[in-house]
Every structure is written in C-alpha cells, then in structure tokens.
Amino acid sequence: MILDRGRLGTLLADEERRFRGAHPRSLALAERARRSLLGGVPMPWMVRWAGGFPLFVTVGEGAYLTDVDGHRYLDLCLGDTGAMTGHAPAATVEAVRAQAGRGFTFMLPTEDAVWVGEELARRFGLPFWQFALTATDANRFAIRLARAITGRSRILVFNWCYHGTVDETFATLRDGRVVAREGNVGPPVDPALTTRVVEFNDLPALETALAHGDVACVLAEPALTNVGIVHPEPGFHGALRELTRRAGTLLVIDETHTICAGPGGYTRAHRLDPDILTLGKPIAGGVPGAVYGLSEGTAERVRTDSRLDTADTGGIGGTLAANALATAAMRATLEQVLTEASYRRTIPLAERFARGVEGVIAEACLPWIVQRLGCRVEYWFRPTPPRNGGEAAAAVDAELERYMHLAALNRGILLTPFHNMALLAPAVTETDVDRHTEVFRESVRPEGLYR
Ligand SMILES: Cc1ncc(COP(=O)(O)O)c(C=O)c1O
C-alpha cells in the first residue's frame with residue numbers, strides 16, 4: 001500500500017480552509033498577538049497545533065474546552081497531561097479557592113505538605129519527598145543529587161526521550177554517536193560531554209555505557225511516551241535495575257506521563273524500585289507543582305553527606321516551590337481526583353478508544369497500529385510496535401499527522417499536537433469515545449488515503 005501524497009495534500013488544504021473560516025476570532029487574536037508576543041504565542045509549543053494559528057480558549061470544563069469563536073471541543077490533549085484530571089476538577093478548584101483567601105506563598109510549610117508527603121510515600125513506596133514547581137525542575141534536582149551522591153559527571157538517557165527542558169537530556173544518537181538533539185536551542189556545552197544515550201530496550205548497549213563508571217544516574221520514563229508510546233520488553237526493568245545497581249548508578253524514574261498507568265504510576269503497577277522518582281504536570285490538577293521522592297538508601301546518603309546541605313543556594317529548590325496554593329491543590333487532587341476510582345473509569349475508556357480505532361484500521365486495511373498505556377492511547381503510522389525511540393522517530397509522518405489532527409479538530413476533537421496521542425479524562429463518556437471513532441473513520445475512509 002502506498003500513501004497517496006497528492007490526495008493527502010488536497011485533503012489537508014481543504015481542512016486548513018475550513019479551520020480558517022470557522023475561527024475568525026482566534027485568527028484576529030493570533031494576528032494581534034504577533035505584535036506583542038514572540039512568534040505570536042506566550043510559549044513556543046503553542047504554535048505546534050495543526051491549523052496555522054492557535055485556538056484561543058475561554059473555558060475548560062471537565063473533558064471539554066470552548067474557544068473564543070464559541071466552538072466546543074472534546075479535549076483529548078488535556079494540556080499534554082497537565083490537565084489529565086479533566087479541567088477545573090471541583091475538589092481542586094474548591095481547595096485553591098479556600099487557600100487563595102489564606103495566602104499563596106510563605107516559604108514555610110503548611111500541614112498539606114505533610115499530608116502530601118505521606119500520601120506519595122503510600123502510593124509510590126519511596127519514603128521521602130521534596131517539592132518543585134515543574135517536572136523539569138524535579139528532574140534537574142534529581143540529577144544534581146545523583147551527581148553529588150556518586151561524584152560522577154554524566155547521566156544516561158534513552159534515545160528520543162523527553163524529560164522537560166533539562167540541558168543534559170537534549171541528546172540523541174546519530175550513527176551510534178551522541179549528538180545534540182535537532183533543534184536544541186543554545187546548548188551550554190556539547191551534550192556528548194554530559195550524557196550517554198542508548199536505545200530503549202537495548203540491554204547490551206546499556207551495560208556497555210554503564211561500564212565506563214562515570215554515569216551518576218539513568219533518567220528514564222518507564223515506558224517512552226514522548227516519541228509515542230514504546231513499551232519495555234519483558235525483563236527490561238529487572239535488568240535496568242540490576243545493571244544500574246551493579247554500576248553504582250542511581251535509577252531515576254520519571255512518572256510525569258506514565259502516571260496514566262495508575263494511581264502509583266508505572267512504578268507501582270509494575271513494582272519498580274527506583275532510587276529517585278519524579279512527577280509533575282497533573283499532580284496538582286493543572287496548578288503548577290511537581291515532586292520528587294527518594295528511597296530510604298538515597299535519603300540516607302543525602303542526610304549523611306555534610307556537603308549536601310541543600311538549603312539556601314545549593315542549586316536545589318526555588319522560592320515558589322511547595323507554595324501553599326500548589327500544595328493545597330496537590331492534596332485535593334491526590335485525595336479526591338486522581339484516585340483509584342478515577343482510573344477505574346478512564347482505563348476502560350482508553351480500551352474502548354483503542355478497540356474503536358483498531359476496528360477502523362482493520363476495516364480500511366491501514367498499515368497502522370494502536371498503542372495504549374493506562375488511560376493514554378495513540379495510533380501509529382506503522383504496522384508493528386516500535387522497539388525503541390529510534391524506530392519510533394523514523395515512523396513520524398508530519399503531513400499525515402497534521403491532516404489527522406486538523407480533521408479531528410474541525411470535527412470537535414483535540415488530539416495532542418505531538419504524535420497521535422489521546423488521554424481520557426474521567427469526565428469523558430462512552431459516547432464521546434465513540435464519536436472520536438466516527439471522526440477517525442470519516443478522516444481515513446472517504447476516498448481512501450492509500451492506493
Ligand atoms: C516525561 C516528562 N518529564 C518531564 C516533563 C517536563 O514537564 P514540564 O514541562 O511541566 O516541566 C515532561 C513534559 O512533557 C515529560 O513528558
């Protein structure tokens with residue numbers, strides 16, 4: 001089967017015209033924004049949406065967003081996981097409202113922080129916790145601690161990972177060499193000096209890289225999610241743990257996206273045993289907040305090392321970290337929103353989503369597949385699951401992706417602007433999921449994308 005590029009180009013142009021015609025107010029705001037915001041947006045990723053200009057949002061409520069032109073969208077992007085709980089969850093809103101009247105930030109703890117630390121220990125099995133404002137910061141602090149504890153300079157990441165705007169992680173493999181990731185803006189030093197990179201699921205390469213004895217930590221998502229979902233092969237995590245221990249390297253598991261796997265993330269669902277665990281985005285229901293947890297052994301090494309007095313200007317922490325507002329939001333979110341019951345609802349919805357898309361793929365004989373992790377699900381323009389980031393990145397088809405996203409957007413459904421990912425919020429209904437299936441069918445079927 002061959003993708004009909006001519007036909008795809010025509011379909012995409014039709015969708016672009018339709019989008020432009022339906023969003024005069026967003027278009028006017030986008031044009032105005034170009035005069036005051038660099039690139040016409042307050043944050044560069046916001047130009048990534050298919051359509052040529054971003055939608056300007058008025059309201060997010062549950063699984064839906066409304067834009068300034070009055071269109072209502074089923075939101076399967078959910079702020080790329082920041083709003084995985086659904087928008088404005090009632091318990092979080094109530095806690096934020098109450099805390100707002102009592103002050104936002106004190107550089108002193110509130111009782112909520114203790115509750116959150118206890119709850120995180122219960123969920124993830126790591127006993128000691130610290131707070132940050134973003135997952136990026138949590139990862140940066142974890143790397144600093146790992147370097148300080150081990151006295152080693154390098155870190156190791158998997159090819160095509162993403163862990164936030166952490167300098168050391170913007171490295172990929174090219175012909176077996178570590179190079180700056182394409183688009184890496186102003187790297188402070190050549191990432192080959194700070195970072196070793198191996199393919200996910202490649203245990204011999206991992207063992208060889210660790211054998212240099214200079215790797216402070218492996219920073220890993222337990223399943224890759226940022227180049228699409230790439231699952232670990234059976235035995236991978238056991239070996240990763242054993243190899244890192246043997247090499248004296250700390251294992252940092254980043255659960256920021258894989259929290260979609262369950263209330264204790266992938267770590268709890270698969271009984272992983274990291275030295276440090278990081279988590280941000282949805283933990284406070286979309287209010288900026290992040291955490292990192294230390295195992296008993298790691299905490300002990302921090303406590304007993306007098307150089308690791310992390311107070312003041314040690315490069316760890318931040319004035320607004322653990323502010324009272326975010327901490328109240330975290331408590332309410334963990335206590336009442338991101339609960340077992342919520343996953344009991346969202347994971348079956350994701351299974352239904354996967355079945356629906358798989359059905360259409362089979363009907364239309366498309367060489368595509370569906371991958372799912374908990375309440376996160378996505379379709380791929382390749383016939384088999386990728387084994388690693390390199391294979392996954394090679395399957396990206398920017399034009400096809402753009403068409404599928406815009407076709408969905410024009411029919412009231414938002415996918416993430418990166419790959420074809422859908423997250424299912426608790427407020428999604430089965431009818432919503434089936435509507436996506438219909439839109440997907442309509443997008444791929446009319447005259448067929450393939451010859
Ligand atoms: C796995 C992972 N870790 C960390 C981050 C960074 O999160 P933030 O941008 O909120 O700092 C991301 C963002 O996409 C992520 O996917």
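We count ligands from 1, going down the list as the structure has it; atoms in each ligand are counted the same way. When reading the values below, keep in mind they use all heavy atoms of this one structure, side chains included, and skip hydrogens, waters and symmetry mates. The residues of the chain are indexed from 1 along the displayed sequence.
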Pairs flagged by side chain to side chain donor-acceptor pair (under 3.5 Å) wherever residues 135-162 is involved - sequence neighbours left out: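 Passing the test, one end in residues 135-162: Asp137-Arg140, Asn139-Asp254, Asn139-Thr278, Arg147-Glu168, Arg152-Thr249, Arg154-Asp214, Asn159-Glu199.
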Geometric cation-pi criterion, Arg376 with Phe353: 6.0 Å, 45°: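 Relative to the ring axis of Phe353, which defines the angle, Arg376 lies outside at least one limit.
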Pair Phe19 and Phe53, ring centroids less than 6.0 Å apart: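 Under 6.0 Å, so yes.
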At less than 3.5 Å, what protein N or O atoms come close to the N or O atoms of ligand 1? Include the distances to 0.1 Å.
unit_1	atom_1	unit_2	atom_2	d
ligand 1	3 (N)	Asp254	OD1	3.4
ligand 1	3 (N)	Asp254	OD2	2.6
ligand 1	11 (O)	Ala135	N	3.4
ligand 1	11 (O)	Thr136	N	2.9
ligand 1	11 (O)	Thr136	OG1	2.6
ligand 1	14 (O)	Lys281	NZ	2.6
ligand 1	16 (O)	Asn226	OD1	3.4
ligand 1	16 (O)	Asn226	ND2	2.8
ligand 1	16 (O)	His257	ND1	3.3
ligand 1	16 (O)	His257	NE2	3.1

Chi angles and distances behind the side-chain hydrogen bond (donor to acceptor under 3.5 Å, both in side chains) call for Tyr64, Asp75: CA-CA 5 Å; Tyr64 279 84; Asp75 186 3; over 6 Å; no
Distance-only side-chain donor-acceptor flag, His405 / Asn420, under 3.5 Å: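 There is such a pair between these side chains.
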More than 12 heavy atoms from other groups under 6.0 Å of CD on Glu340: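 No, because the 6.0 Å sphere around CD of Glu340 holds 12 heavy atoms or fewer from other groups.
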